[in-house]
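The residues of the chain are indexed from 1 along the displayed sequence.
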Amino acid sequence: MTRGALIDGVALAKKVRERVAADVAGLKARGLTPGLTVVLVGDDPASAVYVRSKGKASEEVGIHSDTIKLPASTTQDELLTLIDRLNADRSVHGILVQMPLPKQIDPDTVIRRIDPAKDVDGFHPVNVGLVLTGSTEGYAPCTPAGVMEMLREYGVDTRGANVVVIGRSNIVGKPMASLLVQPGVDATVTVCHSRTRDLAEHTRRADVIVAAVGRANIVTADMVREGAVVIDVGMNRVPDAAAPRGYRLVGDVDFDGVKDVASLITPVPGGVGPMTIAMLLQNTARAAARALG
Ligand code: NAP
């Protein structure tokens, strides 16, 4: 069996974006331009980079993108008022509030204020519930949705497979488990977290590992079964004097070691990251199509 074949997130994301661009062209032919509004509060440099790349990717597929930048001193009420306005704006089909928010604003209150039909991040409890109950009416969060697309496209058979998800955040780990357990996908899912007693005991039994922790090298070769599929969601900056910015980006998986054991593996960068943005565009196009009826 071949080892260490790459799951090419860049190529796959391009394919998804082309599909979305075709859908957007169809909507435009029917007189509707999908619109995504991204709200950025404060001046976190990493958030600014994410927001710029989301805006650029939207425009490339024909989605109209607006970024609203608010100062770090914005109050929760001011942000909620803006969300109310965007909820009522018929030219806005997707609303995304970039996290993290300044400490005076409660993220859950903000997420709950977004109209679930415009919640293209898939974080609103209505969408969380729809995804969990297996309804296709909800929006699945973009990162786990991107991982599902990867598994499908690369022909990974999840039926009856042992899938170990490491991480239980509301953004990645929990919705990942929720998608994998659905009938049709049929994985047997184990969710691990910081209180898991023996992580390696679980990962060694896994046919598929999805690592979403935020810690470099948490998955090493000795923790991976021969031939397993390894999906690395993690994005960690490690100091690197030779890199232009003084750091480089790595995942949660010791890529060099694990690639010799895994059958398929995602690189970082170039794996899950590009898929996340592609799925955001797909959710926005879907939201617009629904608005058209
Ligand atoms: P998070 O909210 O910090 O969650 C991390 C999870 O990892 C938590 O559930 C935590 O457990 C668990 N964990 C921490 N240490 C552990 C350990 N030693 N063993 C097992 N589990 C452990 O992070 P997140 O938002 O889910 O993101 C996870 C990573 O994915 C980050 O690197 C983030 O940058 C990256 N990410 C990438 C994309 C992308 O597009 N590629 C998108 C989103 C996130 P507890 O719950 O017990 O604390």
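Here the CD1 atom belonging to I83 is positioned 12.5 Å from the CD atom belonging to E78, to the nearest 0.5 angstrom. Here the straight-line distance linking atom CG of L130 with atom OG1 of T136 works out to 9.0 Å at 0.5 Å rounding. To the nearest 0.5 Å, atoms CG (L280) and CG (L96) are separated by 5.5 Å. Once rounded to the nearest 0.5 Å, the distance linking OG1 of T74 with CD of Q104 reads 7.5 Å. Note that CD1 of I265 is 5.0 Å distant from CZ of F255, once rounded to the nearest 0.5 Å. Between the OG atom of S47 and the NZ atom of K69 there is a distance of 12.0 Å, given to the nearest 0.5 Å.
A donor-acceptor pair is defined here as one N or O able to donate and one able to accept, closer than 3.5 Å; such a pair exists between the side chain of N283 and the backbone of V120. The backbone N or O of R112 sits less than 3.5 Å from a side-chain atom of H124, completing a donor-acceptor pair. For the pair Y154 (side chain) and D8 (backbone), a donor-acceptor distance under 3.5 Å is present. Not one N or O on the side chain of T284 forms a donor-acceptor pair closer than 3.5 Å with the backbone of L36. Side chain of T196 to main chain of L199: no donor-acceptor pair is present (N/O by atom type, distance under 3.5 Å, no hydrogens or angles). The main-chain N or O of P34 is never found under 3.5 Å from a side-chain atom of K28 such that the two would form a donor-acceptor pair. Using a distance-only test at 3.5 Å, with no hydrogens or angles considered, a donor-acceptor pair links the side chain of N127 to the main chain of P116. No side-chain donor-acceptor contact under 3.5 Å links E226 to the backbone of S263. No donor-acceptor distance shorter than 3.5 angstrom exists from the side chain of N87 to the backbone of I114, with no hydrogens or angles considered. Judged by distance alone, the side chain of T158 and the main-chain N or O of A161 form no donor-acceptor pair under 3.5 Å.
Both I166 and V261 are part of a single hydrophobic cluster, where members link through side-chain heavy atoms under 4.5 Å apart. Under a hydrophobic clustering in which Ile, Leu, Val, Met, Phe, Trp and Tyr are joined whenever their side-chain heavy atoms come within less than 4.5 Å, directly or via other members, M235 and V165 fall into different clusters. Hydrophobic clustering, with ILVMFWY side chains joined whenever heavy atoms are under 4.5 angstrom apart, keeps I209 apart from L264. Hydrophobic clustering of Ile, Leu, Val, Met, Phe, Trp and Tyr side chains at less than 4.5 Å, counting indirect connections, unites V163 with V181. Residue V97 is not grouped with residue Y139 when hydrophobic side chains (ILVMFWY) are merged at heavy-atom distances under 4.5 angstrom, including chains of intermediate members.
The two atoms that bring L101 and V41 nearest to each other are CD2-CG2, 3.8 Å, heavy atoms only. Across all their heavy atoms, L40 and A48 have their closest contact at CD2-CA, 4.0 Å. Of all the heavy atoms in G214 and N236, the pair that sits closest is C-OD1, 2.8 Å. Across all non-hydrogen atoms, the minimal contact from V92 to L86 is CB-O, 4.0 Å. V268 and V250 get closest at one heavy-atom pair: CG1-C, 3.6 Å. The shortest non-hydrogen separation linking V238 to A216 is CG1-CB, 4.3 Å.
The local environment of CD in E137 is sparse, with at most 12 non-hydrogen atoms from other residues, nucleotides or ligands closer than 6.0 Å. Heavy-atom neighbours of D106 CG from other residues, nucleotides or ligands within 6.0 Å: above the threshold of 12.
A salt bridge links D240 with R248; the closest basic N to acidic carboxylate O contact falls under 4.0 Å.
A 4.5 Å side-chain heavy-atom check between L32 and H93 finds at least one atom pair inside the cut-off. A heavy-atom distance below 4.5 Å is found between the side chains of L151 and I231. Looking only at side-chain heavy atoms (C-beta outward), T143 and V233 come within less than 4.5 Å of each other. Between M275 and V147, every side-chain heavy-atom pair lies at or beyond the 4.5 Å cut-off. The side-chain heavy atoms of P100 and P107, taken from C-beta on, include no pair separated by under 4.5 Å. For the pair L180/M148, a side-chain contact is recorded, criterion being any heavy-atom separation below 4.5 Å from C-beta on. A heavy-atom distance below 4.5 Å is found between the side chains of V272 and T276. A heavy-atom distance below 4.5 Å is found between the side chains of S58 and L281.
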Do L179 and V185 pass the side chain to side chain contact (heavy atoms under 4.5 Å, CB included) test, and can you show the C-alpha distance, the side-chain angles, and the key distance before you say yes or no? CA-CA 8 Å; L179 290 168; V185 182; over 6 Å; no

Verdict with supporting geometry, E149 and M279, side chain to side chain contact (heavy atoms under 4.5 Å, CB included): CA-CA 9 Å; E149 187 81 15; M279 300 318 279; 4.0 Å; yes

Should V224 and T203 be marked as a side chain to side chain contact (heavy atoms under 4.5 Å, CB included) after you check the CA-CA gap, both sets of side-chain angles, and the distance that decides it? CA-CA 6 Å; V224 180; T203 58; 5.9 Å; no

Check the pair L292 / R30 against side chain to side chain contact (heavy atoms under 4.5 Å, CB included), numbers first and verdict last. CA-CA 9 Å; L292 203 56; R30 294 170 67 191; 3.4 Å; yes

Give the intermediate values and the outcome of side chain to side chain donor-acceptor pair (under 3.5 Å) for residues D77 and T75. CA-CA 5 Å; D77 278 346; T75 65; 5.6 Å; no

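Applying the salt bridge (charged side-chain N to carboxylate O under 4.0 Å, His left out) rule to pairs touching residues 206-217 yields D207-R225, sequence neighbours excluded. Sorted by first and then second residue, the salt bridge (charged side-chain N to carboxylate O under 4.0 Å, His left out) pairs involving residues 54-67 (not counting sequence neighbours) are K56-E60.
Checking D252 against N217 by side-chain atom types alone, no donor-acceptor pair falls below 3.5 Å. Between the side chains of Q282 and R17, not a single donor N or O lies within less than 3.5 Å of an accepting N or O.
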